[in-house]
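Everything below concerns the one structure shown next.
The basis for the numbers below is simple: all heavy atoms, side chains too, and nothing from hydrogens, waters or symmetry mates. Owing to the predicted nature of the structure, the values given are computational and were not obtained by experimental measurement.
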Amino acid sequence: MKLTGIAVCCFLLLAASTTQAQVKLKEKPERKAYKYTLTFNGGVSYVLGSANGEGRDFSSWYNPAGGNIFNSSTFGMQEGYGVSVTGRMIVSKNKKFRLTGSLGFNHFYNSEDNGLNRTRWNIFNLEAGVEYNFSPRQRESLFLAFGLDYNLMFGAWQSDITYPDNSVSNIYTWFKPASRLGISGGAGMQIALTRKSDLVIGIKGVWVNIFPKNNYYSNEVFHSYINDSGSSNGIELPGKKDIIYLQVTTGITIPVGIK
């Protein structure tokens, strides 16, 4: 009888613990880590460093031997917004390492004096990167990301110009497209929304124009090169201009393939 009673008690304890474990699994089950996913993001940005400036900072001069030279110490950039789509592919057995590819667009607009002094910059970027997800099967997971970027940027600057005779004119200068290589790095969190979709919240820093930097003359009226190098092609400027911005993003991730 004692053995029967002990066996019954053990069975009841085992049944209770199994039931409790099943309840816990139902409350917080592991997620499927899909091999291929797509993330659609939107974000807001703020420019740091030497590219940050006011709409009144425009500066250029004319060299008879060469042409127009944009020589402002800033790009007059401040706030901006962007959109992107990122594809991910799991490349490790533990599902934590992923290769990423991203296509994005960022727009920076700064306006002062009722639009008389304003800048508008557009940056298209193509990125290849890697990502580490600390707990890819959990409903909430943190990740770190790093990428190498190809950036195509162009823009325009409207500003008041004072001539040698002290007359003032409001002009609009277009900047020719420039290709630059850069890097990005950031962190974020994935939060489960449904069985197959996640909310993604992240923050990242982007350095747009690491290489190459250069300066050029322009022979076209009201057109200029971005001239982000301190010294290039015989043109000496006060210093180089680095486009660095901090971006906060949010988006939705969905699977596009098998587990």
Tell me the closest heavy-atom pair linking [X] and [Y], and the distance in Å.
{"X": "L38", "Y": "G87", "result": "CD2-CA, 3.8 Å"}
{"X": "P255", "Y": "T37", "result": "CA-CG2, 4.0 Å"}
{"X": "S135", "Y": "S141", "result": "O-CB, 3.0 Å"}
{"X": "D228", "Y": "N215", "result": "N-OD1, 3.6 Å"}

Just by distance, no angles: are the side chains of [X] and [Y] close enough, under 3.5 Å, to form a donor-acceptor pair?
{"X": "N71", "Y": "S59", "result": "yes"}
{"X": "S45", "Y": "Q247", "result": "yes"}
{"X": "E236", "Y": "S231", "result": "yes"}

Check: Looking at F134, is K96 sitting on its ring face, NZ or CZ under 6.0 Å from the six-membered ring centre and within 45 degrees of the normal?
Finding: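 Judged by the rule (NZ or CZ under 6.0 Å from the ring centre, within 45° of its axis), K96 is not positioned above F134.
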
Notebook entry, point to check: Could R88 and F143 be counted as a cation-pi pair, given that NZ or CZ must be under 6.0 Å from the ring centre and within 45° of the axis?
Noted result: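 Checked: cation-pi criterion met.
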
Answer yes or no: is there a side-chain heavy-atom contact under 4.5 Å between [X] and [Y]?
{"X": "N68", "Y": "H223", "value": "no"}
{"X": "Y150", "Y": "L181", "value": "yes"}
{"X": "Q78", "Y": "V47", "value": "no"}

Checklist line | Parallel, tilted or perpendicular: ring planes of F75 versus W121, cut at 30 and 60 degrees | finding: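 Perpendicular.
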
Next item on the list: Anything under 30° is parallel, anything over 60° is perpendicular, the rest tilted; go ahead and classify F58 against W157.
Entry: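 F58 vs W157 ring planes: perpendicular.
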
Inspect the surroundings of [atom1] in [X] and state if more than 12 heavy atoms from other residues, nucleotides or ligands are less than 6.0 Å away.
{"X": "K213", "atom1": "NZ", "value": "yes"}
{"X": "F211", "atom1": "CZ", "value": "no"}
{"X": "K176", "atom1": "NZ", "value": "yes"}
{"X": "N94", "atom1": "CG", "value": "yes"}

Check: Atom CD1 in I69, atom OG in S60: separation rounded to 0.5 Å?
Finding: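 Atom-to-atom, I69:CD1 and S60:OG are 9.0 Å apart.
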
Item checked: Value rounded to 0.5 Å, distance of CD1 in I252 from CG in L199 ->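 With rounding to 0.5 Å, CD1 (I252) is 5.5 Å from CG (L199).
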
Note to self: Between R139 and D198, does any NZ, NE, NH1 or NH2 come within less than 4.0 Å of an OD or OE carboxylate oxygen?
What the structure shows: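 Answer for the salt bridge query: no.
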
Notebook entry, point to check: Any salt bridge between R118 and D113, counting N to O under 4.0 Å?
Noted result: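 No, R118 and D113 are not salt-bridged.
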
Item checked: Stepwise ring-ring contact (aromatic ring centres under 6.0 Å, His included) check, Y245 with F108 -> CA-CA 10 Å; Y245 64 86; F108 295 91; 5.3 Å; yes

Next item on the list: Would you check if the distance from the ring center of F154 to the ring center of F175 is below 6.0 Å?
Entry: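 Ring centroids of F154 and F175 are no less than 6.0 Å from each other.
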
